[in-house]
Amino acid sequence: MKTAGRGNWSIAVHGGAGSMERATTDPAQDRTARAGLSAALEAAIAILQTGGHALDAVEAAVRVLEDDTQFNAGRGSVFTAEGRIECDAAIMEGNNRMAGAVAGVRSTRNPIVLARAVMEQSPHVFLAGSGADGFARAFGIEAASPDWFETPERRRQLEELLADPEAPFDLGMKYGTVGAVARDTSGHVAAATSTGGLTGKKWGRVGDSPIIGAGTYADDRAGAISCTGAGEYFIRLSVAHEIAARTRLGVEDMQAATNALIDELSILGGKGGVIFAPAIGTAGWAFNTPGMYRGRADSSGLRQVAIYADE
Ligand code: ASP
C-alpha cells in the first residue's frame with residue numbers, strides 16, 4: 001500500500017524478534033502481546049492523526065512498551081549476570097538529525113524520556129551509566145527504584161541461564177527490545193528504541209539499540225529505522241544507517257534496503273528484525289527469526305498487529 005509523504009502519516013512499532021511460533025505460543029501470551037502492541041500504536045496514532053510530531057509519537061509508543069512488563073525494556077527488562085537491570089535507549093529525529101542516547105541506566109523509569117532529554121537539553125548525544133542517571137535527576141526526569149524494573153519471569157530466565165554455563169549466550173533466542181518509527185503529516189520522521197539488552201550480559205556490554213546508526217536512525221531524506229536482535233551483528237553492519245543511506249542514495253526503496261541488510265545479517269549468522277517508516281510510503285519490516293512482535297498503522301486506515309512470519 002503506497003501513500004504519499006506529506007499530508008499522510010505512518011507508524012510502526014516492535015516488541016522484539018525471536019523464536020515465537022504459532023504452534024508453541026501460549027494463546028494468553030499471544031493475546032497480551034498483541035494488546036500491548038495495540039496500546040503502543042494507539043498512543044502514537046492519537047498524536048499523529050491530530051497533526052502531532054513523529055518525535056512525540058515514537059516517544060509515546062516506546063513509553064507504553066517500556067511500562068509493559070511483557071517487553072524487555074524499562075519495567076520488565078532482563079537481568080545482567082550480576083542480577084541487575086541496565087537499560088539502553090536512543091531517539092532520533094530526521095529533520096535535523098538530532099539524536100540522544102543512554103546506556104546502562106539503572107534508576108530512570110523511562111529511558112526513552114531520558115534519551116530525548118539528552119538530545120534536547122544537553123550538548124551531547126550519548127551518556128552512560130551513573131552519569132546518565134545523574135543527568136536524569138538534574139533535569140527532573142522521573143526516577144524508579146531498581147526493584148520497580150524487576151519481574152519474577154526475568155529473574156527465572158537469568159537463573160535458567162546461570163544454571164547452564166555451557167548454554168549459548170542467546171538462550172531461547174528471544175529479543176524483546178522495543179521500538180517505534182513514524183512519519184508525521186509534515187513529512188518528518190523519527191525513530192526510538194529501548195532495551196534491557198541481553199539476559200546475563202556482563203562487563204558493561206552495550207548492544208546496538210542506543211548506538212545511532214546501528215539500532216536506531218532517522219533521516220527525513222530516507223526514513224526512520226529501529227532494530228531488534230543480536231546487537232553485535234547490527235553494530236558491525238551499521239544496519240540502521242546503511243538502510244537509510246541506501247534509500248537516500250536511491251540504491252533501493254526502503255523495503256528492499258531493509259531486506260538486503262537482513263540478508264547480510266543472515267550470512268554473518270546474526271538474527272533479528274527491523275521496522276522502518278519511509279519518507280514516502282507506508283511503514284514496514286523484515287526479520288529472519290520465526291517471529292517478531294510488531295504493528296503498524298497509517299492515515300489511510302491501515303491497522304495491523306502481528307507476531308508470526310506468516311501474518
Ligand atoms: N538488540 C538488543 C541488544 O543487542 C537486544 C534485543 O533486540 O532484544 O541489546
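In listed order, ligands and their atoms are each counted from 1.
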Carefully, step by step, assess I243 and M254 under the rule side-chain contact (heavy atoms from CB on, under 4.5 Å). CA-CA 7 Å; I243 292 171; M254 203 165 237; 3.9 Å; yes
For T228, the ligand 1 atoms whose distance to one of its heavy atoms is below 4.0 Å: 6 (C), 7 (O), 8 (O)
Could you list which atoms of ligand 1 come closer than 4.0 Å to a heavy atom of G176? 8 (O)
Less than 4.0 angstrom from a charged side-chain N to a carboxylate O is my criterion; do D26 and R31 meet it? no
Considering only heavy atoms of G231, which atoms of ligand 1 have at least one such atom less than 4.0 Å away? 4 (O)
Side chains of V305 and R294: does their closest heavy-atom pair fall under 4.5 Å? no
Below 4.0 angstrom, N of the basic side chain to O of the carboxylate: do E86 and R84 qualify? yes
Would C227 count as being in polar contact with ligand 1, using the rule that some N or O on each side must be under 3.5 angstrom apart? no
Ligand-side contact atoms (ligand 1) for residue partner G207, heavy atom cut-off under 4.0 Å: 4 (O), 9 (O)
Would you say the side chain of W285 lies within less than 4.5 Å of the side chain of H14, judging by non-hydrogen atoms? no
With a cut-off of 4.0 Å, which atoms of ligand 1 are near a heavy atom of S209? 1 (N), 2 (C)
Please say whether G229 places an N or O atom under 3.5 Å from an N or O atom belonging to ligand 1. yes
